[in-house]
Protein chains: 2
Amino acid sequence: MTIASHALTPMLRKLRLWRHLTAREEEALLNLPHHVISTDRLQTLVNDGDVVSHAWLILSGFCVRFKIVGDGGRQILSIHMMGDLLDLQNAILGVADHGIQTLTKCEMARIPLAAIKTLTDVEPNIKDTLWFDTLVDGSIHREWVANVGRRSGKTRVAHLLCEFALKLEAVHPGDQLKYELPMTQEQLADATGLTSVHVNRVLQALAADGLIQRVTSKSILIGDWKKLATAGDFNRSYLHLDAAVRRAGTS
Amino acid sequence: MTIASHALTPMLRKLRLWRHLTAREEEALLNLPHHVISTDRLQTLVNDGDVVSHAWLILSGFCVRFKIVGDGGRQILSIHMMGDLLDLQNAILGVADHGIQTLTKCEMARIPLAAIKTLTDVEPNIKDTLWFDTLVDGSIHREWVANVGRRSGKTRVAHLLCEFALKLEAVHPGDQLKYELPMTQEQLADATGLTSVHVNRVLQALAADGLIQRVTSKSILIGDWKKLATAGDFNRSYLHLDAAVRRAGTS
DNA sequence: CGTGGGTTTGACACACTTCAAAAATAGTGG
DNA sequence: CCACTATTTTTGAAGTGTGTCAAACCCACG
């Protein structure tokens, strides 16, 4: 059985961004026990408060993590895609402090935390890699705090579009200047702390300025990456996508 | 030399919240090489973009982590106090994605990342504990995303006051219904994504409703914890303060 | 072809911002 | 312990980005 034929392969592509893994380590990761599930669109996989004992790996499709606040409002905390190991945080913390929902139909692998623990206990480099992965997650959270806390509506949306394009590019190389954004304007609003009505107007404004083109309602084309990044006050460093490169270069 | 006389003792009080540590492990943590620094108020210890090779442990005083956005606005990302191991994130990620600044005069211990790495490589339980610590950090970030993204000004400020009281209580047991909040209204504004003018009005409103009393400009007294928690849409679970208790009970 | 989710529009409301000045407080040195 | 200054808080008035509500429109899909 070659590596490519393993179900969990997408995870490797992601983890390799953070650290070098030996062939043996990659093999061990691929051999993690799991079972694969096909989900519907808009399916809630984990609820805030759940006792969690599994991690979810996205094999295909898109998910979000979210919180519901007191007045019923919803805040999306992060957007995830192929290769993302979701909910390791919840699993290790034991009790979920947020929910997880699919945006599209997904293929997900459900991996018992116990198996991950067993593996990381004998493979320190894997533990470090997973730790690193959760740290990058934290870094993205921090950027989002700044995004919803201190940026204008237009800037927030532009920033989100940039982040999505870059994350997509990282796990799915190819020119991601045009992509399908699997989110309704309402979901975009939940991610940026705006209302769907305002998101609609912002998207129109971005299109009017030529920063994006709206091919269909779900498909956007970045008209001018540099301008969009500027408008979105976007600096990719918080994604730490160059971590492995930097590591290889300096040590 | 007894444990209590070690400079790094405050760290233990914090880490014990997350997991049980053996006497040997605690000893090893206390023996981490470090040197202690006394800082001024409003001193910037780390800047966004810095190459970081040390972690900071707060021995006394208060610090914040922050980001500056494109238009010059500042967003505070988290507030830290005695026992918090700051900047382990930045250190492991290698390049700082945010800055660190003191709010008050502080005693800080500067610990080389290399020493932490050496220690965690031979003490897996310590590595797990530090990982857990960074995961709780992430959980707090998520709550902040929801706080600044989806809550009203009044709710945001009330939420912050609740969080501060509970974190203080965790490392400094005693009744923290009255405490000194070492932040100006401008800093409060930077933490909540509001303006200082609005924070001022919100504080007056909270006081008018009897939820807090403003003893001096820096000292607040929580008039009615339950009501303040309700007004702040505050649920302590995201702080994971009961993690160690839960762990001891179930395993 | 309905039909229901998603998008778009318009008119209006308001939470929060902006600007600017006054009042209070804290810090400093004599 | 008082004067002097800088910082922080407070207040007022006016502006605006974003929210609210509600209706119309547009498709994708069964």
Side-chain angles (χ1 to χ4, degrees), chain A residues 40-43 69-75 101-105 147-160 180-208 212-220 231 233, chain B residues 40-43 69-75 101-105 147-160 180-208 212-220 231 233:
Chain A
D40 243 357
R41 156 167 197 279
L42 298 186
Q43 195 167 324
V69 299
D71 65 1
R74 174 171 125 127
Q75 176 68 46
Q101 188 183 43
T102 61
L103 288 174
T104 62
K105 297 187 177 194
N147 203 39
V148 295
R150 277 285 181 243
R151 295 197 179 109
S152 72
K154 200 168 163 183
T155 312
R156 287 184 217 183
V157 173
H159 191 278
L160 186 68
E180 268 205 18
L181 184 68
M183 301 174 75
T184 66
Q185 292 176 14
E186 177 135 27
Q187 291 161 347
L188 236 34
D190 286 346
T192 49
L194 301 168
T195 58
S196 61
V197 172
H198 199 62
V199 165
N200 181 278
R201 285 166 179 149
V202 164
L203 287 174
Q204 289 180 48
L206 289 174
I212 62 171
Q213 285 164 50
R214 309 173 63 200
V215 185
T216 74
S217 83
K218 283 287 176 73
S219 176
I220 84 147
D233 188 18
Chain B
D40 244 356
R41 154 166 198 279
L42 299 186
Q43 195 167 323
V69 300
D71 65 2
R74 175 171 124 127
Q75 176 68 45
Q101 187 183 45
T102 61
L103 289 174
T104 61
K105 295 187 178 194
N147 202 39
V148 295
R150 276 286 181 243
R151 295 197 179 111
S152 72
K154 201 168 163 182
T155 311
R156 286 184 218 181
V157 173
H159 191 278
L160 186 69
E180 269 206 16
L181 184 69
M183 301 175 74
T184 66
Q185 293 176 11
E186 177 135 26
Q187 290 161 346
L188 236 33
D190 285 346
T192 50
L194 301 168
T195 57
S196 61
V197 171
H198 199 61
V199 165
N200 181 278
R201 285 164 181 151
V202 164
L203 287 175
Q204 288 179 49
L206 290 173
I212 62 171
Q213 286 164 48
R214 310 174 63 202
V215 185
T216 73
S217 83
K218 284 288 176 74
S219 176
I220 84 146
D233 188 18

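Chain letters run A, B, ... following the sequence lines, proteins first, then strands; residues in each count from 1.
In this structure, CE of B:Met183 is placed 16 Å from C1' of D:dT9, rounded to the nearest angstrom. Rounded to whole Å, atom P of C:dG27 lies 13 Å from atom CG of B:Asp40. Between the CD atom of B:Glu180 and the P atom of C:dA26 there is a distance of 10 Å, given to the nearest Å. Residue A:Lys218 contributes atom NZ, which lies 8 Å from atom C1' of C:dG6 at whole-angstrom precision. The nearest whole Å value for the distance from the CD atom in A:Gln185 to the C1' atom in C:dT9 is 12 Å. In this structure, A:Glu186 atom CD and C:dT7 atom C1' are separated by 11 Å, rounded to whole Å. Atom CG in A:Leu203 sits about 15 Å away from atom C1' in C:dT9, given to the nearest Å.
In this structure, B:Leu42 and B:Gln187 approach most closely via the heavy-atom pair CD2-NE2, 3.4 Å. Nearest heavy-atom pair, B:Ala189 versus B:Ser196, reported as atom, atom and distance to 0.1 Å: CB-N, 3.5 Å. Between A:Ala158 and A:Ala231, the shortest heavy-atom contact is CB-C, 4.1 Å. Nearest approach of A:Arg150 to B:Val69, heavy atoms of both residues: O-CG2, 3.9 Å.
The bend of the helix from C:dC1-D:dG30 to C:dG30-D:dC1, defined by the angle between the axes of its first five and last five pairs, stands at 60° to the nearest 10°.
The distance from the OG1 atom of B:Thr195 to the CD atom of B:Glu186 is 9.5 Å, given to the nearest 0.5 Å. Note that NZ of A:Lys218 is 8.5 Å distant from CG of A:Leu181, once rounded to the nearest 0.5 Å. Distance check: B:Met183 CE to B:Ser217 OG gives 13.0 Å after rounding to the nearest 0.5 Å. With rounding to the nearest 0.5 Å, the separation of CG in B:Leu188 from CG in B:Leu203 is 6.0 Å.
Taking 4.0 angstrom as the limit, B:Gln204 places none of its side-chain polar atoms (N or O) nearer than this to OP1 or OP2 of D:dT9. The shortest distance between the side-chain N/O atoms of B:Gln187 and the OP1/OP2 oxygens of D:dT8 is not below 4.0 Å.
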**OP:** Going 5' to 3' through nucleotides 25-30 of chain D, assign each nucleotide B (protein heavy atom under 4.0 Å from a base atom), S (under 4.0 Å only from sugar-phosphate atoms) or - (no protein heavy atom that close).
**Re:** ------
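Residues from residues 149-159 of chain A that place a heavy atom under 4.0 Å from any atom of DNA chain D, listed by number: A:Ser152, A:Gly153. Of all the residues in residues 189-201 of chain A, A:Gly193, A:Leu194, A:Thr195, A:Val197, A:His198, A:Arg201 reach under 4.0 Å from DNA chain D with at least one non-hydrogen atom.
In summary, of the residues considered (B:Thr192, B:Asp190, B:Val148), a side-chain contact (heavy atoms from CB on, under 4.5 Å) with B:Gln75 occurs for B:Val148 alone. Tested against A:Asp233, the residues A:Arg151, A:Lys154, A:Arg156 include a single salt bridge (charged side-chain N to carboxylate O under 4.0 Å, His left out) partner, A:Arg151.
Remark: B:Thr102 engages B:Thr39, B:Gln43, B:Leu45, B:Cys63, B:Cys106 in a side-chain contact (heavy atoms from CB on, under 4.5 Å) (not counting sequence neighbours). A:Arg201 pairs by the side chain to side chain donor-acceptor pair (under 3.5 Å) definition with nothing, not counting sequence neighbours.
Closest to the side chain of B:Arg41, from the set C:dT7, D:dT9, D:dT8, is D:dT8.
No donor-acceptor pair under 3.5 Å is formed between the side chain of B:Arg74 and the backbone N or O of B:Ala191.
At a cut-off of 3.5 Å, with distance as the only test, a side-chain donor of B:Thr155 or B:Ser152 sits close to an acceptor on the other residue.
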